[in-house]
Structures are given as structure tokens and as C-alpha cells.
Amino acid sequence: MRQQSSHRTLWFWVFVGPFAAGLGLFTYVPLLWSLYLSFFDAHNTVSPTKFVGLDNYTSMLRDGAFTGSLWTFTVFSLFIVPATYALSLALALMVNRLRFAQAFFRSVFFLPAACSYVVAALIWKLSIFNGVRFGLANTVLDWFGRDQTAWLSTTHPPWYWLVIVTVRLWLQAGFYMVLFLAGLQRIPAQLYEAAAVDGARPGPQVFRYITFPQLRATSVAVVLLLVINAFQAFDEFYNLLSDARGYPPYARPPLVYLYYTALGQGQNLGLGSAGAVILALIIAVVTIVQARWFGLGRKED
Amino acid sequence: MTISRRRLLSTGGSLALTGALAAGCGSNTGRDNDGSGDAHSGGAVTLQQWYHQYGEAGTEQAVRRYAGAYGKADVKVQWRPGNYDQQTAAALLTSSGPDVFEVNGPTLDQIQGGQIADLTDLFDGVKNDFNPAVLAPKTWEGRIWGIPQVIDMQLLFYRKSLLQDANLRPPGTLDELIYAAAELTRKKVKGLFLGNDGGAGVLGGTPLYAAGLSLITEDGKAGFDDPAAARTLGKFHRLYADKSLLLGAPTDWSDPSAFIQGLTAMQWSGLWALPAVKKALGDDFGVLPFPRDGAAGKPSVPVGAYSSAVSARSRHRAEAKAFAKWLWIDRTAYQEDFALSYGFHVPARISLARKAQKLREGAAADAVRYATENGYAQPLLWTPADQTAYQDALSRIIKDGANPDTELKAVVRRTNDELRRVKKKKS
């Protein structure tokens, strides 16, 4: 009996050990080291000696470029989260109603999720939304006699948001559609039958009173993931807007700014770490507030 | 102690496996066996040498050939695409980075942070043969921290026939440039290409020097705390508002494709683009410095040089320094080959630049003359933090029409903060 229990412990560590070690080594150690660095003057070093207290935090919070990136990104989140939510739910409802070829359409909508953000961003930048006459979007504009548009360089109107938002929607809507599909398929058919017996009209009325409330748990998870993903956005922004000389001041997400501060030629690892801690705290607070607001973990009524 | 047969077999097997692994590790030099030349086996020490990815065909093979010819150490060349400056900056934090590497600098923070080896002694007897304009930004407190490899410069390329058709002469002032750009703009051809960001990244201090100012003054102060700076930078919004600027081209300012393909009548690019432009357009092009602005202004040509530096954390620092000296100081034939056989650059050694036949005629000769008469190099005291703040301000001025005076005041504050910070530090 005892031997069996020790075997169980051994196998537990055989399976979990490498992953736990990796998590510790590559996640928790750097995280704690970053917290340590944030209290030091750490230019071009990860072993600093000069303690500066909260100076890095106050510098970061006074830095207009950092606070501007937070504000810009809050606006982006306020748009991308509802847009992705609505699109993925709409796709799920459509695919769920299909009587044939459901697997085909599910795959078609999900496949972009398997595409790299970097690759997608480069296709958007170089083929579809480049600013010259042979870009796809400008070719279409040309058919209607409109001038070519520099999609990623025009700030008035801010066409770059169209490029950023469409690439993100294309990439992630399929993934969330699958989550919603799973949620839809968990709703008991009897509920719809009962609603029909009670005279509920199919369509908006059934969606409002049956489907949407039944998707509450899925919706909460989806919105939480969307918000966290939005704040962590880096790849498509970086690949769409940066060049060898840097990154324009608009549509600059916090992670891109911190990347340039800490890992670019600036190499101010103390300041960058302070920014990372501030950003992590903001994401944590937003997530907790949102989870409480939506009642995550509360017993289903 | 008795050894059972099972234990003997398992011990023997373990030893054999260890031996095989050791032999495998020993024979694995990490190089491709392609005979490309970097796998020289003449010495016990292996040096890691990093280069950023050059666009010119043949450059990579050339540097592998040079490395292969070195007899005192094995030199393993890494040809690194992507964000090279960020890669090296991060690698210098560790001892597993390069031993000797090409750097667009080094920056003052890298020098003060003790990441770069002092190379002053390598210049004994040859210092005066290096172009002083590009040696100055590699020098701090009288010590030299990088060997300039080749000199590059940025220039304004213009299409002669398009300017003639529009009855325009090559622009000699900033106002003439703005006017010409608007006049040359058609439905499918833009007047001027300053990069896909409208020039905020590449122009840097060039317009300031064209207005008779500087980024950092000789006595170490912000050189653009002057109304002339705001006046000059403010003019750039006209280019954007007039829709004279080419934006969103598939390639950026450093590549001459947009100019060659007829997407723009004028392009700000580099000397390295000259052979490709000549091949495509023949004599239908000319080069100019950035035009002057204002009464105190003068034409401006940014010059710079990638340099060869040695990591202070290298375990083979002495060997790396010896190799850097051999390649970039002693072997002058390689320097000339590297500068002029693949792309188009000016050798950093004055004696080599003088005798280079390719630099004595046509647009190349003009470019070299502009660099000599109007060249400026980005000062070492201009830090990456200054650069980011300045680029952001310039972007807002060009694209958003932001008030140049207010924007520049914020950059002057940042620059003064940075100057105080770096002057407090000791290398």
C-alpha cells in the first residue's frame, strides 16, 4: 500500500516536475527578478547595484508616452472586445443552425486561429493594406475612382485602426466561435421546446430569453480572455507599424513601449520592469473587477 | 567489491554512451559543412562574430571568406536578420553573446555599462588614417570603443527627367523641396519619399543641421533649443498635408525600389542604393544633400559607420581584439572589397577612400564631396531615449500638425535630463 503511494508520488513528479520546473525557471524567476529590478537603476545590466526606490515607478507614471499607450489601448479594448464578442457569437449561431457542412464551416472560421499573428500582420501590411496603387484595398478604391490611401500612416482619419482591428478579428473570432459553439450545444433542447410551447417566437425573442442567458458562463470566460488578450497585444501592432527606425507614437500598445524601453537600444531594464509591474497590476485589477461584476464563480441561478 | 555481470555491462554501456556523446559534442563545431569558408580549423579558440543582414548579394559570402582566412582562431560568423540592434543589446547582457560584432554605435550606455571592450590600443599608428567624423562618435573620454568599418551617408535621389518636365530645378532649399514635391505629385506618382512614417524615423537631426543647428552642441548641450528648429520642423507638415509624401510603400526608405519603380519622383535613401538606381535609371537621376533652411542654414548630409566592437564579457577578449584588428585595421584589401565590391560604401580609412576608383566619378563623386563638405554624424551624447522622444515629436508635427514649439520644448527637457544622467556616470 505504502509502496503504491510512493509510486504514485514518483509518477506525479515525473509528469508534473519538468513543467513545474519550466514554469518556475521561465516564468516565476524572471517575474520576481523583474520586480527586483524595478527598484534599481538598471541601465544595460540585470545585476544592478544602485537602489532607487520608487523612482522608476514615478518616472513611468509621469511618462506621457507610457500613460498615452495605456489610454490608447483602453480605447482599443473597448472596441475590440465587444466587436470580437459579437462577431464570434454571430458566427457560432450561424454555424450551429447549419443542417449540413457544419464541420466544414466550423473549420473555415476556426483555421485563421492557427495562423501566426506575425504572418497575418505581414500579409495585411504588404498585400492588402499597403499604401501604393497595387495594394488590394487601394486597387478596389481605384475601381471607384478614389485616391490611394496610406492605411498605416494616415492619422486623420486613423485608418491604421481598421488594419489592426480587422487582422485581430480575422485571427481570433474563430477561436471564440468554437467556445460559443460548445456553449450553445450544452443548452438543453427541452428549453427551446418549452419556449415554443409557451409561444415564444423563434429568432430574437428566443435568443434574448433562452440562448443568451444560457451562455452566461461562456460569455464571462470569453470576455475575460478577450480583455486580457487585448492588453497583452504585441505581435500584430509591432509587425504592422514598426520599422528599423522605431515605432510611431500612435497605436502604441504598452507592451511595445516596454519592449523598446527595456529591450531595445534603450536597455533601461529597471524602468521597463517598473512599467511591466504597473501593467500587470492594471490587468489584474481589471480582471478582478470584471470577474466580480459578471459574477464569475458564483453559483448558477 | 565484486562486480556483477549486469553491473559491468551497464557501466560499460554508460561509458560507451558518454564517450559517443562526448565525441559527438567534440566534433560538432556548430558550423555547416558547406565549405563556405567560416569553418577554419587553424586555432583552438572559437570566436563568435555577428553581422546584421546586409541586403547586398555577396556580402555574407565575403565576410565568411574573411573569417575563414584568419589563422589564429576559428571564427564562426552569424548573419543575423531581424532587429539586429535589439538582438545585440540583449546579447551583451550575457556572456553567451558574440565575441566580436558589428554595431550601429556603440551607444554611450553600452560603453558606460561596461559592455564594450576598449579598443584604443588597436589604433596605434593608424588613428589619423580613419575619417575623424565617424571616429568621433566611437570615442568617449579619449578612448575608442569601435573600429569604423565603412562610411555610409544618406542622400536625396531625384529623377532628372521628371524635374525637367515640370520645369523645376534640383531643390536647394527646404522650401524649394516642399514646392517641388507638390508639383511632382500626380495621381499615381508622389513627389517625395522620406520613409513610410513620413520621415520621422530616418530624418533624425538632418533638418536641424540644415537649419544651422545640431542635436547636441560641442559643449554638450541640447542644440535645438532655438526658434529656428521649430520653424524648420514645422514646414514638414506641409508635405503631409499637400499629400506630396509617398506613404505605405512595400519597401522602406533604405531600399530604392519605390524610386526605381516610379512610385516617387524624389527619395531620401543611402549611398548604398546608388548602384541599383544607376542600373535601373542610367543617368536619369542625381543626388543632393538635404537642402538648407533659413539664413543660417547649410546643406546637410548624415554620415555614419557601423563599427566592429568586442564584447567586454567575451571569454576570449584578447583573441577577439586581435581578430578585429587583423580584419578591420591590418587587412586593407578586405576593407576595400567589403566597401565597394558588393554594395556601395566609402571605406572608413582615408587612404583607401582616396584611391577608390568607383568613388571618383558621377553621382558617387558628388556624394563623397557632399559628405566631406556637409557631413555630420550623430553625437554619442544623443541617447536612444532622446531619439525616441524626438522621433515621436517629429511624427506628431508631420502627421498631426502638432505645434512644433511645444513638441520641441518637451524634447529639450528630455534631452537635458538624459545629458545630466549620462554625465553623472563614469565609464
Side-chain angles (χ1 to χ4, degrees), chain A residues 41-48 50 59 63-65 68 122 125-127 129-135 137-138 142 145-156 158-160 163 238 240-250 252 257 259-269 271, chain B residues 83-90 92-94 104-105 107 109-115 187-190 195-198 200-204 240 243 245-254 258 261 263 383-385 387-389 391-396 398-401 410 417 421-422 425:
Chain A
D41 176 14
H43 272 90
N44 297 69
T45 179
V46 285
S47 313
K50 192 181 167 196
S59 296
D63 183 350
L122 291 178
K125 179 181 185 172
L126 298 176
S127 299
F129 288 107
N130 78 40
V132 294
R133 60 179 182 264
F134 39 79
N138 277 336
D142 195 40
R146 304 298 299 268
D147 285 344
Q148 63 194 42
T149 298
W151 300 96
L152 287 165
S153 305
T154 306
T155 49
H156 299 285
W159 287 118
Y160 52 87
V163 186
Y238 185 76
L240 284 170
L241 290 166
S242 74
D243 59 36
R245 295 272 169 164
Y247 192 98
Y250 51 87
R252 181 192 274 150
Y257 185 67
Y259 168 76
Y260 279 110
T261 304
L263 300 174
Q265 277 213 309
Q267 289 282 300
N268 193 342
L269 293 150
L271 192 64
Chain B
N83 292 343
Y84 180 81
D85 292 342
Q86 274 94 331
Q87 289 176 32
T88 46
L92 289 176
L93 295 172
T94 72
N104 187 14
T107 65
D109 280 320
Q110 286 173 331
I111 295 168
Q112 292 184 324
Q115 296 184 313
K187 186 170 166 59
K188 292 187 174 177
V189 181
K190 292 288 185 178
N196 284 323
D197 61 356
V202 67
L203 286 180
Y240 183 79
K243 299 191 173 175
L245 288 177
L246 174 66
L247 298 164
T251 54
D252 216 339
W253 66 275
S254 60
Q261 290 166 358
L263 296 172
T383 67
Q387 180 73 16
T388 304
Q391 268 181 229
D392 284 2
L394 196 50
S395 177
R396 284 190 286 264
I398 294 173
K399 292 185 182 173
D400 302 339
D417 288 348
R421 179 180 69 80
V422 295
K425 273 190 175 179

* Asked: Got a sec: does the NZ of A:Lys50 have more than 12 other heavy atoms crowding it under 6.0 Å?
  -> no
* Asked: Is the side chain of A:Asp63 donor-acceptor paired with the backbone N or O of A:Ala65 at a distance under 3.5 Å, no angle test?
  -> yes
* What part of B:Leu246 lies closer than 4.5 angstrom to a heavy atom of chain A: side chain, backbone, both or neither? -> side chain
* **Side chain, backbone, both or neither of A:Leu126 within contact of chain B (heavy atoms, under 4.5 Å)** => side chain
* Structure fact -> In terms of heavy-atom pairs under 4.5 Å with chain A, the winner among B:Asp252, B:Leu263, B:Thr383, B:Thr94 is B:Leu263
* **Heavy-atom donor-acceptor pair, A:Thr154 side chain to A:Trp151 backbone, under 3.5 Å** => no
* Asked: Minimum heavy-atom separation for A:Ala150 to B:Leu247, with atom names?
  -> CB-CB, 3.4 Å
* With a 4.5 angstrom heavy-atom cut-off, which part of A:Tyr250 approaches chain B: side chain, backbone, both or neither? -> side chain
* With only heavy atoms counted, which part of A:Thr45 is less than 4.5 Å from chain B, the side chain, the backbone, both or neither? -> backbone
* Structure fact -> Bottom line for A:Thr149: the part with an atom under 4.5 Å from chain B's heavy atoms is neither
* **Top of A:Tyr247, A:Tyr238, A:Tyr260 for chain B proximity - count of heavy-atom pairs under 4.5 angstrom** => A:Tyr238
* Asked: Can you tell me if A:Asp243 uses its side chain to pair, donor with acceptor, with the backbone of A:Gly246 under 3.5 Å?
  -> yes
* Are the side chain of A:Asp41 and the backbone of A:Pro48 linked by a donor-acceptor contact shorter than 3.5 Å? -> no
* Asked: Which bit of B:Gln110 comes within less than 4.5 Å of chain A, counting heavy atoms only: side chain, backbone, both or neither?
  -> both
* Test side-chain hydrogen bond (donor to acceptor under 3.5 Å, both in side chains) applied to A:Lys125 - qualifying residues, sequence neighbours left out -> none
* Do you know which of A:Thr261, A:Thr155, A:Asn138, A:Leu241 has the most heavy-atom pairs with chain B at a distance under 4.5 angstrom? -> A:Thr155
* Of the backbone (N, CA, C, O) and the side chain (C-beta and beyond), which part of B:Asp109 lies under 4.5 Å from a heavy atom of chain A, both, or neither? -> both
* Structure fact -> Of A:Ser47, A:Pro248, A:Gly131, the largest count of non-hydrogen pairs under 4.5 angstrom with chain B goes to A:Gly131
* When heavy-atom pairs shorter than 4.5 Å are enumerated against chain B, which of A:His43, A:Gln148, A:His156 gives the highest number? -> A:His43
* Given that the side chain runs from C-beta out, which part of B:Thr107 has a heavy atom under 4.5 Å from chain A: side chain, backbone, both or neither? -> side chain
* A:Asp142 versus chain B, the contacting section by heavy-atom distance below 4.5 Å -> side chain
* Most contacts with chain A, counted as non-hydrogen pairs under 4.5 angstrom, among B:Thr388, B:Thr251, B:Asn83 -> B:Asn83
* To do: Name the region of B:Asp400, side chain, backbone, both or neither, that has any atom closer than 4.5 Å to a heavy atom of chain A.
  => both
* Measure B:Tyr84 against the heavy atoms of chain A and call it side chain, backbone, both or neither at under 4.5 Å. => neither
* Donor-acceptor pair, A:Gln267 side chain versus A:Leu263 backbone, under 3.5 Å? -> yes
* Could you list the residues that satisfy side chain to side chain contact (heavy atoms under 4.5 Å, CB included) with A:Ala262, not counting sequence neighbours? => A:Leu269
* Asked: Closest approach of A:Val132 and B:Pro250, non-hydrogen atoms and distance?
  -> CG2-CD, 3.8 Å
* Can you find a pair of side-chain heavy atoms, one from A:Asn44 and one from B:Leu92, that are under 4.5 Å apart? -> no
* Tell me, side chain or backbone of B:Ala249 under 4.5 Å from chain A's heavy atoms, or both, or neither? -> both
* Asked: chain B heavy atoms under 4.5 Å from A:Tyr160: which part of the residue, side chain, backbone, both or neither?
  -> neither
* To do: I would like to know whether A:Arg252 and B:Asp392 meet salt bridge (charged side-chain N to carboxylate O under 4.0 Å, His left out); could you show each step before the answer?
  => CA-CA 11 Å; A:Arg252 181 192 274 150; B:Asp392 284 2; 2.8 Å; yes
